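Each remark here refers to the structure printed beneath this line.
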Amino acid sequence: MDLLEDLNEPQREAVLHETGPLLVLSGAGSGKTRVITRRIAHLIRKGTEPWRILAMTFTNKAAREMKERVAQLQGEGATERPFVSTFHSASAVFLRRHAEAVGLSKAFVIYDDDDQLRLVKRIANKLGIEANPRDLLSRIDAEKNGGRLPDQMVLNGNDPRAQVVQSVYRDYQRSLRAADAVDFGDLLLLLVDLLTNDAELRVRYQRRYQHVMVDEFQDTNPVQYKLLKLLAPPGSNLAVVGDDDQSIYRWRGAEVDNILGFPRDYEGAKVVKLEQNYRSDQNILEAAYAVISKNRRRLDKKLWSARPKGELLQLLLHRDERAEAQEVARRINGLRNEGITDYANTAVFYRTNAQSRALEEGLRLARVPYTLVSGRSFYDRAEIRDASSYLRLMVNPKSDADLTRVINTPARGIGDTTVEKITEHAGAIGRSLYEVIEWPERVQGLNSGAVKRLLGFRELVERLVKFGKDAATATEAAKFMLEQTRLVSALKEEGTDEAIGRAENLVELISATQEFDKVRAETPPPSPNDELGTPPPPLQQFLEQISLVGEADGEVPEGRVSLMTLHAAKGLEFDAVFMTGMEEELFPSRRATGVEATEEDMAEERRLCYVGFTRARRRLFVSLCQQRMLYGEIKVCRPSRFISEVPQELFEFPHDMPVAPRPMKPRSYGYRADDGPQVDRTYDQSTEFSSDPTGSRVRHSTFGDGTIEKIGGQGPNAKVTVRFDSVGVKSVIARWLTPL
DNA sequence: ATTCTACGGCTTTTT
DNA sequence: GCCGTAGAAT
């Protein structure tokens, strides 16, 4: 096919750009994936060998889609494929090849955040550090994202806390190496360190990958950018594609400055702007632009659309989150009944996961089929994690995090005190737990029973390791493991519904390995000129896949409304979008409105709003509540500032909206259905009792009028004792009362 | 060693 | 309001 077919001018420019650095600023819905894939295909057509092309993405989904589309463009006959991968998977492949050079074996395992936290806890405990392990870990991660090993930490001034972090970080890295393990950050960091110090190797990679491409460049953190600079230094062919307005992962170390500074780092870079949006009606883009343009530091660009103006945005105001859910469900059915769109092309977005519950409830009651689009549930389940730990021990029994996880699962009488003793001993002699329990009698203070049980466990792991060594498939290994560990049978014996469900999940794991083995059998072996060498053994590959890829995230169930956080929404599009919980302190988040918040915090919330708006093709609903249950307390809400940033004329206010019944202190609301989208009115931010209300006259919908006698507790959820005129003294929830 | 209970704390979470 | 942790009770 003609690779330039149906491309606009700037898109063509980007596709045809062959050598030298390239920055593609691609607005939402401007066809960026199309540009990247066509460019790859174009380079191949012009004679670049596919294996000389490296394309990096952030998500597995993006990598998979890109692979598929490139393969399609390459056609059936092609035997060579470009290396399209996530940053982390690609790094894992490279790092495994040079594992010994960074103090690892080829069989190293990859720890996830849960393993990380457990390790930090253990170390903080050992070092007698009081600090919150979560905080310590996030500081360590921040160092890793910044590309700094413990010795490279910047200890400016005399922040004693930084010194504590450094010592924990040091110990943490030592423990990882002793366990022959890496965390996600290490995959990049260790590779960067290696390539920085080994010039010969660096040049080898630079020569091999003549073209490097990066998707969602605005989300790169400093280590990732460092890696890119090592693989494709200034002067080479690095093409990055991104949109600074869609940078929403700053809190995870992403650096918008990478995209802003790219033309400076890569002198002579060609800059192409993709500003034509093919997705949304104009009114939606107008609204999105109104919000995003309030950000100060952004690259100048404005999306435009040849599409019609379309419908106005609908502003939906509700009494509380239950009313919101009910109304959203009603509207979704309305869209469907009017033939505007179907369930599958409708999405409901929210800022925090906690909001999903009420929405789910509302959709269920209205019989709207929905699917919760969320992370990696299957492999997060405790029983699956246990099984994975056993599998990892088969490959690498020195992995202490895995060993401690399952040493008493299923229960075999090895308790916390025993584990503590062997851990201490292991630390003292600098060995892994697996090595220590080979001779448990050498550990001080263990009774003979404990020694015996430890030996029994050690023998179990030995059997697993022995079998794992030459297991030809992941399935074979997993089946042996389940049988030997009795994970399934122990759950079945337990007999509770929950245990049986868990046992079934473990059987599902076998389906996962079978699927993996099947795909693996169908994948052709790497071509001989591939210096990346032979792939790791099947079990190891499977483990790498579950830690880096997670669920074989395939089939989004058909015909269902999608519910997700705004973060999860990036990269998707729907005919109709509901932005729920558009309230100050919720969205924008309290963390961005508080006194400690910076301008950048708010800018990121605004980008998140922009991402949400621009997901909508035809209909955009902006929904908010007057009050909402938050952390178990009823809070009065004010409309999000983002609502008032959208020009009023872009909103349509529904007149068939049920008028909210007056909650407590009705005088303070001042926000009624017929006020329209005029949102900047006065709001009383609190339902707290402003003064001592004892003796006040109140009205209750069932009990009638009465006098408050006593306040039982704090906050609006508090119970109040009221002497009612007709029914006597009763204790009622304060929020059901109306002051008279 | 396991199970119960009280208490605090709390956005987002590509890999 | 819910969940995870820490401490006590069985």
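No hydrogens, no waters, no symmetry mates; every other heavy atom, side chains included, goes into these values. Note on naming: letters A, B, ... go to the chains in the order of the sequence lines (proteins, then strands), and numbering restarts at 1 for each one. Note that the structure is a prediction, hence the values are computed from the model and not measured.
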All side-chain contact (heavy atoms from CB on, under 4.5 Å) counterparts of Ala181(A), not counting sequence neighbours: Val109(A), Tyr111(A), Leu176(A), Ala179(A)
Whole angstrom value for the distance that separates P of dT13(B) from CG of Asn145(A): 17 Å
In whole angstroms, the gap separating C1' of dT14(B) from CD of Glu65(A) amounts to 13 Å
Nucleotide dT15(B), atom C1' - distance to CG of Asp112(A) in whole Å: 10 Å
Measure the distance from CD on Gln224(A) to P on dT14(B) and round it to the nearest whole Å. 14 Å
What pairs with Gln173(A) under side-chain hydrogen bond (donor to acceptor under 3.5 Å, both in side chains), at least two apart in sequence or on another chain? Lys144(A), Asp186(A)
Can you check nucleotides 8-11 of chain B for protein contacts, nitrogen or oxygen pairs under 3.5 Å, and list what you find?
| unit_1 | atom_1 | unit_2 | atom_2 | d |
| --- | --- | --- | --- | --- |
| dT11(B) | OP1 | Arg591(A) | NH1 | 3.3 |
| dT11(B) | OP2 | Tyr631(A) | OH | 2.9 |

Using nucleotides 3-10 of chain C, report all nitrogen or oxygen pairs with the protein that are shorter than 3.5 Å.
| unit_1 | atom_1 | unit_2 | atom_2 | d |
| --- | --- | --- | --- | --- |
| dT5(C) | OP1 | Lys121(A) | NZ | 3.4 |

Within residues 409-417 of chain A, which residues have any heavy atom lying less than 4.0 Å from an atom of DNA chain B? Ala411(A), Gly413(A), Ile414(A), Gly415(A), Asp416(A), Thr417(A)
In whole Å, what separates the C1' atom of dA6(C) from that of dT11(B)? 25 Å
Distance in angstrom units between Glu420(A) CD and dA1(B) C1', rounded: 14 Å
My understanding is that only residues two or more places apart in sequence, or in another chain, count here; which of them pass side-chain contact (heavy atoms from CB on, under 4.5 Å) with Ser30(A)? Ser26(A), Leu274(A)
Rounded to whole angstroms, how far apart are CG on Asn258(A) and P on dT14(B)? 20 Å
For atom C1', what is the distance between dT12(B) and dT5(C), given to the nearest Å? 23 Å
According to ring pair (Phe, Tyr, Trp, His ring centres under 6.0 Å), who are the partners of Phe578(A), at least two apart in sequence or on a separate chain? Phe621(A)
Do the rings of Phe83(A) and Phe94(A) sit parallel, tilted or perpendicular, given the 30° and 60° boundaries? perpendicular
Judged by each residue's nearest nucleotide on DNA chain B, which is more toward the 5′ side, Thr565(A) or Asn408(A)? Asn408(A)
List the residues meeting ring pair (Phe, Tyr, Trp, His ring centres under 6.0 Å) with Tyr370(A), not counting sequence neighbours, and say none if there are none. none
To the nearest angstrom, the CZ-C1' distance between Arg628(A) and dG1(C) comes to 14 Å
List the residues meeting ring pair (Phe, Tyr, Trp, His ring centres under 6.0 Å) with His567(A), not counting sequence neighbours, and say none if there are none. Tyr249(A), Trp251(A)
Who pairs with Glu573(A) by side-chain hydrogen bond (donor to acceptor under 3.5 Å, both in side chains), at least two apart in sequence or on another chain? Arg279(A), Arg617(A)
For Lys121(A), which residues count as a side-chain contact (heavy atoms from CB on, under 4.5 Å) partner, sequence neighbours excluded? Leu117(A), Pro133(A)
Tell me, please, which residues at least two apart from Glu600(A) pass side-chain contact (heavy atoms from CB on, under 4.5 Å). Arg250(A), Thr598(A), Ala603(A), Arg607(A)
So does Leu491(A) get a backbone contact from the side chain of Arg502(A), meaning a donor-acceptor N/O pair under 3.5 Å? no
note: Asn221(A), atom CG; dT12(B), atom P; distance rounded to Å ~ 21 Å
